[in-house]
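Here the structure is a predicted model, which is why all the values come from computation and not from measurement. Both ligands and their constituent atoms are indexed starting at 1 by order of listing.
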Amino acid sequence: MKVLSVASEVYPLIKTGGLADVTGALPAALSTHGVDMRVLLPGYQQVMAKLRNPVPLIKFDDLLGVSASILESTIDGVDYLILDAPELFDREGGPYTNTGNADHPDNWLRFAALCRAAANIAEGVLEDWTPDIVHAHDWQAGLTPVYMMQGPAASTPTVVTIHNIAFQGQFGPDIFPKLDLPQSVFSMEGVEYYGDVSFLKGGLRTATAITTVSPTYAQEIRTAAFGMGLDGLINERADSLHGIVNGIDTDVWDPASDKIIAANYSLSKPKKRQVNRKALADYFKFEDTDKPVFTVVSRLTWQKGIDVLTELADDIVAMGGRLAVLGSGDQALEAALLSAAERHPGDIGLVIGYNEALSHLMQAGGDVILVPSRFEPCGLTQLYGLRYGNVPVVARTGGLADTIIDANEAAIAAQVATGFQFYPVSPDALREALRRTVRAFAEPKVWERLQNRGMKADVSWDRSALRYASLYAELLKSKSEKT
Ligand code: ADP
């Protein structure tokens, strides 16, 4: 089964968040289920620099008005198709923003071109590879099924995965004429959304199937509180909606072999974890290391509940804990955390920025990974925490609710608990969760059990990859029944 995956970021070529981890892990996870997945992504500067011997496959003189080509490159067994369009992607900054952190003004064109190229591939422009199924991720790939509907690939099944419904790719109606779509697509049945163009809405309207990244989030986005205006449409399409929880790449994230942490450890050799604990304390200039170290690796935003966390920074120290934060985001939140770190040198540390290596050490050397998100489609850092013995304390929402078992008395007695949940995302509820956590930390046996149980949890892609493969198979079956 040949599947084209279309995404705006893919680890290890380019990453700003969990989307890249997922699109990066799927090809290998699915290959054991007979899926030949190729990944189409933009040729950003960072991506072009990592390609090995790229082979040009096809040239477009006019892809929505720009010249572009598709290059093929295989890296670590994954086949990438790169949309090389220098006018759109050869620029400084991140995948979505310039060096000043502002969105590129032509993001609509950059990602429409990605979707148009994906549809061309679905229509068979590559000489020896045409996908049976196209799997588009998030709004940046959302127009893919819309374009496919207009041409010879209209009957090829499509899947759109929502990694975060808060990001919808909404632009003014003036862009519509430049998308090279028939006027009829600017309608309720197409991309039109309250007079604007919405890439995600177009994708959700037209895809054969919709998935999102946890069963709880699949339910939540059917409600006004979480659906961000698309709950009506999601409800209409509920029969085609599937919640499939993310796994993690257990080769990249394996404390027994991880090359970027201070020392390797495992369930059978847990003592070496202390070396990482010490290294983390040194990194953050924490004096002694017997206090519980709470870690946060996150975008610093309202979604992630960082404002609530910031309010509790002093409480964490008062409870005898330490706080180490790695992240970047809203300037006001960065400033508030910085001021907490200044108030508590030696107890609160903050690294602003993106640092993949440090994110591994935080999981290997922390005691707790805190994830106080207001909404969280799946969340990955709690899964890394489980695997690394960094006990998760999470808000009971989305994928956090699906992947962490709360350490209430019954769960502790039954030895199934893996972390702590709290709800709602308020200072009081978080404070109470932190108190429970500090109490459990003070009981080495209870703590060790929590860590061990988490480290034994299956956070791999095995089960979820099978679910994607079964979904693809179902879609192909119903296609062949129709024809
Ligand atoms: P989201 O995609 O909403 O940001 P996820 O939990 O799904 O949240 O994924 C976040 C991913 O990005 C994880 O792999 C996490 O380790 C990583 N990450 C987030 N912030 C940083 C940072 N400042 N430095 C390094 N890695 C980070």
So, for [X] and [Y], is the gap between ring centers shorter than 6.0 Å?
X: Tyr217; Y: Phe226; answer: no
X: His33; Y: Tyr468; answer: no
X: Trp139; Y: Phe167; answer: no

*asked:* I want to check something: taking the side chain as every heavy atom from C-beta on, are Val47 and Leu41 in contact at a cut-off of under 4.5 Å?
replied: yes

*Is there a donor-acceptor contact under 3.5 Å from the side chain of Arg110 to the main chain of Leu88?*
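Yes; at least one donor-acceptor contact below 3.5 Å.
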
_Tell me whether Asp402 is salt-bridged to Arg396, with the criterion being a basic N under 4.0 Å from an acidic carboxylate O._
no

Pairs under 3.5 angstrom, nitrogen or oxygen on both sides, ligand 1 versus protein: list them out, please.
from: ligand 1; atom 1: 2 (O); to: Gly18; atom 2: N; distance (Å): 2.6
from: ligand 1; atom 1: 3 (O); to: Arg299; atom 2: NH2; distance (Å): 2.8
from: ligand 1; atom 1: 3 (O); to: Lys304; atom 2: NZ; distance (Å): 2.9
from: ligand 1; atom 1: 4 (O); to: Arg299; atom 2: NE; distance (Å): 2.8
from: ligand 1; atom 1: 6 (O); to: Leu380; atom 2: N; distance (Å): 2.9
from: ligand 1; atom 1: 8 (O); to: Lys304; atom 2: NZ; distance (Å): 3.0
from: ligand 1; atom 1: 9 (O); to: Gly18; atom 2: N; distance (Å): 3.1
from: ligand 1; atom 1: 14 (O); to: Lys15; atom 2: NZ; distance (Å): 2.8
from: ligand 1; atom 1: 14 (O); to: Asp21; atom 2: OD2; distance (Å): 2.6
from: ligand 1; atom 1: 23 (N); to: Gly353; atom 2: O; distance (Å): 2.8
from: ligand 1; atom 1: 24 (N); to: Asn355; atom 2: N; distance (Å): 2.9

